[in-house]
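Here the structure comes first, spelled out in structure tokens, and everything after it is commentary.
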There are 2 protein chains.
Amino acid sequence: MARPQSVEDSVVMASLSCVFRDVGYEGASLAMLAQATGLQKASLYHRFPGGKQQMAEEVLASALAWYETNILAPLRTEEPPTERLAQVVKHLDGFYSGGKQACLLNMLASPRAEFGPFSAAIKGAFEALVLAFAGLARDAGHDARAAKLRAERAVMLLQGSLVMSRGLGSSKPFKTFLAGLPDDLIGTPAAHTTPTRR
Amino acid sequence: MARPQSVEDSVVMASLSCVFRDVGYEGASLAMLAQATGLQKASLYHRFPGGKQQMAEEVLASALAWYETNILAPLRTEEPPTERLAQVVKHLDGFYSGGKQACLLNMLASPRAEFGPFSAAIKGAFEALVLAFAGLARDAGHDARAAKLRAERAVMLLQGSLVMSRGLGSSKPFKTFLAGLPDDLIGTPAAHTTPTRR
DNA sequence: GTCTATAACAGGATAGAC
DNA sequence: GTCTATCCTGTTATAGAC
């Protein structure tokens with residue numbers, strides 16, 4: 001064995017992920033990725049013979065795997081919906097660093113490159129998340145149709161709050177989203193936001 | 001006068017806008033922009049001495065101006081809120097081509113380049129839109145705090161629905177958003193989505 | 001104002017020593 | 001496995017003819 005890994009695989013992935021989430025696929029240059037990981041460009045190519053595309057693919061796959069175990073699986077538990085959701089909210093907050101980190105599903109999606117290397121995974125991820133949220137809403141007592149609508153709205157709000165947080169340079173929109181998520185998914189309609197009517 | 005403008009200014013801007021909305025700032029190459037406009041690269045530089053950055057800046061400014069007259073101004077009319085909103089929904093549908101075109105506020109925002117040339121304009125645009133939506137919600141009878149919350153949620157849903165439409169390759173999420181916008185901004189809480197409880 | 005041609009540079013990718 | 005050095009392509013940007 002010639003040399004030991006100077007940087008651990010997991011931290012390489014974390015650094016790459018950070019860059020892609022910040023600047024997107026085309027925005028990420030190899031120089032940037034090398035600096036972020038602490039590896040030289042050639043070393044990166046040793047670990048990712050497929051180049052930048054493979055890096056992004058593995059980062060995406062890794063993020064989706066994390067999502068599956070930390071977000072989707074907890075949503076399918078037998079625990080009471082409120083408890084499940086509390087777990088998920090906590091994990092979401094950590095995953096997006098309180099709104100400071102963007103979502104790969106947004107940063108890697110390019111409509112021009114439909115059928116790009118990411119589009120299938122992205123589409124599947126959106127569908128899976130909607131499904132998981134909808135399951136929770138069903139368990140909370142909503143019928144199938146209403147549950148699906150609530151789930152879709154929740155995903156929109158998640159993505160939209162991240163976009164807005166990025167645009168405003170403030171994590172407030174994301175925090176607002178997290179705070180409202182229980183109501184959006186399981187709350188009664190009247191409990192929504194306005195203390196006005198009722 | 002040497003040669004006439006072979007391509008009108010307004011159509012140049014439209015073509016540039018289209019490219020930036022599709023692939024973002026770094027994703028757009030001059031070759032791409034030249035082909036989209038029908039001009040040569042050198043001709044583009046004649047109109048935009050500041051290069052790609054100036055093109056993006058002017059495209060953004062132009063889009064924001066359009067937004068001001070076609071979205072924000074109608075929201076501030078004296079007409080009944082429902083009518084104003086109908087106008088706005090129609091314009092939004094056109095502006096985003098039914099969800100097929102992304103939003104520049106999302107595509108040009110890069111958290112890495114905070115204080116980039118676009119961030120100030122983007123931040124201002126988000127704030128203005130929230131303000132305008134909130135004004136409508138107030139006129140519909142909601143108190144200031146509730147109106148602001150509804151407005152923020154509406155902007156999140158707008159951005160999120162666009163992200164989701166792009167990711168799924170379907171305009172359905174955006175259409176769902178448009179359909180629900182009246183309820184979200186002016187509707188009573190109970191009218192929301194679920195026919196289940198109440 | 002627009003074009004052809006080209007300079008100057010950065011980006012992605014590879015070779016080969018250690 | 002990692003490094004230095006290099007290649008090649010595509011990109012930004014400019015010069016100069018028309």
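Within every chain, numbering begins at 1; the chains are lettered A, B, ... in the order of the sequence lines, protein sequences first and strands thereafter.
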Checklist entry - Heavy atoms, side chains only, cut-off 4.5 Å: are B:Met107 and B:Arg166 in contact? => result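 When only atoms from C-beta onward are counted, B:Arg166 and B:Met107 do touch, with a gap below 4.5 Å.
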
Starting at [atom1] of [X] and ending at [atom2] of [N], how long is that distance when rounded to a whole Å?
| X | N | atom1 | atom2 | answer |
| --- | --- | --- | --- | --- |
| A:Gln5 | D:dG1 | CD | C1' | 8 Å |
| A:Met55 | C:dA13 | CE | P | 8 Å |
| A:Gln54 | C:dA13 | CD | P | 11 Å |
| A:His46 | C:dG16 | NE2 | P | 16 Å |
| A:Leu44 | D:dT4 | CG | C1' | 15 Å |

Item to check | Backbone of A:Leu39 reached by a side-chain donor or acceptor of A:Thr37 within 3.5 Å | outcome: yes

Checklist entry - Quick one: does A:Ser165's side chain have a donor or acceptor within less than 3.5 Å of a partner on A:Ser170's backbone? => result yes

Has [X] got a side-chain N or O lying under 4.0 Å from the OP1 or OP2 atom of [N]?
| X | N | result |
| --- | --- | --- |
| A:Ser43 | D:dC3 | yes |
| B:Gln40 | C:dT4 | yes |
| B:Ser6 | C:dT2 | yes |

Next on the checklist: Please convert DNA chain C into dot-bracket. A pair counts if it is Watson-Crick or G-U wobble with both distances under 3.5 Å; crossing pairs go in [ ] and bases paired with another strand get |.
Outcome noted: ||||||||||.|||||||

Item to check | Common cluster, B:Leu105/B:Tyr25, ILVMFWY with side-chain heavy-atom separation under 4.5 Å | outcome: yes

Checklist entry - Between B:Tyr96 and B:Phe174, what is the ring plane arrangement, given parallel below 30°, perpendicular above 60°, and tilted in between? => result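 It falls in the perpendicular class, over 60°.
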
Checklist entry - For the residue pair A:Tyr67 and A:Phe95, does the interplanar ring angle fall in the parallel (under 30°), tilted (30 to 60°) or perpendicular (over 60°) class? => result perpendicular

Next on the checklist: Surrounding NZ of A:Lys52 (heavy atoms of other residues, nucleotides or ligands, distance under 6.0 Å), is the total greater than 12?
Outcome noted: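 Yes, because the 6.0 Å sphere around NZ of A:Lys52 holds more than 12 heavy atoms from other groups.
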
Checklist entry - Side chains of A:Gln87 and A:Glu83: do they bring a donor and an acceptor to under 3.5 Å? => result no

Next on the checklist: Salt bridge check, A:Arg76 against A:Glu68: does any charged N sit closer than 4.0 Å to a carboxylate O?
Outcome noted: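 Result for this pair is yes, salt bridge flagged.
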
Next on the checklist: Base contacts versus sugar-phosphate-only contacts with protein, heavy atoms under 4.0 Å: please encode nucleotides 7-14 of chain D as B, S and - from 5' to 3'.
Outcome noted: ----SBBB

